[in-house]
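Below is one structure, written out as structure tokens, with a few remarks after it.
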Amino acid sequence: MLPSLLIVLLDRIRRPWVPVLAAWLLSGCSSLDYYGHLARGQFELLRARQPVNELLADPAQDPTLQRRLALAQEARTFASAQLALPDNGSYRVYADIHRPYVVWNLFATPEFSLESQNHCFPIAGCVAYRGFYELGRARGAAALLKQEGLDTWVGGVEAYSTLGWFEDPILSSMLRWDDDRLAALIFHELAHQRLYVPDDTAFNESFASFVEREGLRQWRASRGLPPKDDLRRQRGDAFVELVMASRVRLEQLYARDLPAEAMRQAKQAEFERLRRDYRALRDAEWGGVGPYDSWVEGPMNNAKLLPFGLYDHWVPAFAALFREVEGDWSAFYERAGLLGRLSTAERSKALESLIAKR
């Protein structure tokens, strides 16, 4: 149901773009069935939207939902007023999608490589995953890729950005998390609207991840809250370092000229090393508290490691850039935009240079 005439008019204007846009953002394949699936999923999401101000004014609404939505509106206003993020209708509407994730992303790599299987489109460029509105479809596509000998991993996503093409809603999937995570997701997705570089998923996600983290720090400070739990962040950073170190060793392994079976055994040995290193860190420094136990003890392959390189790789570079501009968000976005206009090789070199200045 769309109770707002404005939303209805926007949908009528932009609806012809739904199949194409969904394909860009969710990295589809060439099959008409897949494009149709994306078009239906995006359309259903648009149709479910309701203006937040109407929900807040409705006395029949669940008070808990209203409290969360009110908080989200405060974060949304903060994002534009204090973080210089786009000021538009995104996250001023709400959609109950009746499932834990809005999409499930499918990552795939060759058996002996950490290079993602990319999917390319004319405007959005190439992205490192395929998205599905239905878990069953994601698993089915993963099974087909496994038959081709690829490593695959499917992960749920609470939100995604349409890069300003539509009024992106606050999703019920976003409300499953605490208040900090809700605000952080809004900052992250609006950052994609602020800057998006075709063909460079790692740049885009690292940029949005930095905006999310720094934005959340400033958001908490504005509300008189202490800095977010440093211990939790330190554990998260330490875990990412373990995974990234494992990625480096795997890349070195795959560069060797080994028979397939020997390579396969060495690959599994590296995954066991990652598990041992994690357990040692958990038991020696975290007092046995294991927030990543289920991830580590589950099945392991190359594709499962991909998101770490995509979402975290350049975050230190953006942190260094933010310090260089002395915390000026407009200047930060301008400098980040200049990086985005470089060639891939030049951009990587510039980002590495920023990291070296830390």
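Numbering of residues begins at 1 and proceeds along the displayed sequence.
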Just checking, any donor-acceptor pair under 3.5 angstrom between side chains of Asp293 and Tyr278?
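There is such a pair (donor and acceptor under 3.5 Å, judged by atom type) between the side chains of Asp293 and Tyr278.
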Angle class for the Phe78/Phe187 ring planes (parallel below 30°, perpendicular above 60°, tilted otherwise)?
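Plane angle between 30° and 60°, so tilted.
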From the options Arg181, Arg76, Glu212, select the one residue that forms a side chain to side chain contact (heavy atoms under 4.5 Å, CB included) with Ile186.
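For Ile186, the side chain to side chain contact (heavy atoms under 4.5 Å, CB included) check succeeds only for Arg76.
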Between the side chains of [Y] and [X], is the shortest nitrogen-to-carboxylate-oxygen separation below 4.0 Å, so that they form an ion pair?
X	Y	result
Arg68	Asp179	yes
Glu270	Lys267	no
Asp33	Arg137	yes
Arg335	Asp328	no

Check the pair Asp277 / Arg273 against salt bridge (Lys or Arg N to Asp or Glu O under 4.0 Å), numbers first and verdict last.
CA-CA 6 Å; Asp277 289 349; Arg273 175 178 175 177; 3.7 Å; yes
From Tyr333, Phe332, Trp314, residue fulfilling ring pair (Phe, Tyr, Trp, His ring centres under 6.0 Å) relative to Phe210:
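By the ring pair (Phe, Tyr, Trp, His ring centres under 6.0 Å) criterion, Phe210 pairs with just one of Tyr333, Phe332, Trp314: Phe332.
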What's the shortest heavy-atom distance between Arg247 and Leu306, and which atoms?
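Looks like NH1-CA, 3.6 Å.
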Does any part of the side chain of Val93, heavy atoms only, come nearer than 4.5 Å to the side chain of Ile170, both counted from C-beta?
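Of all side-chain heavy-atom pairs linking Val93 with Ile170, none is under 4.5 Å.
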Heavy-atom side-chain contact between Phe112 and Arg264 under 4.5 Å
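Contact flag for Phe112/Arg264 side chains = yes.
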Arg49 (side chain) donor-acceptor with Leu46 (main chain) under 3.5 angstrom:
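Yes, the answer is positive, given that a donor and an acceptor are paired below the 3.5 Å cut-off.
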List in chain and number order the residues that pass ring pair (Phe, Tyr, Trp, His ring centres under 6.0 Å) with Trp295, two or more places apart in sequence or in another chain; answer none if no residue qualifies.
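Residues passing ring pair (Phe, Tyr, Trp, His ring centres under 6.0 Å) with Trp295: Phe239, Phe308.
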Is it true that Tyr34 and Phe132 have ring centroids separated by less than 6.0 Å?
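That pair passes the under 6.0 Å test.
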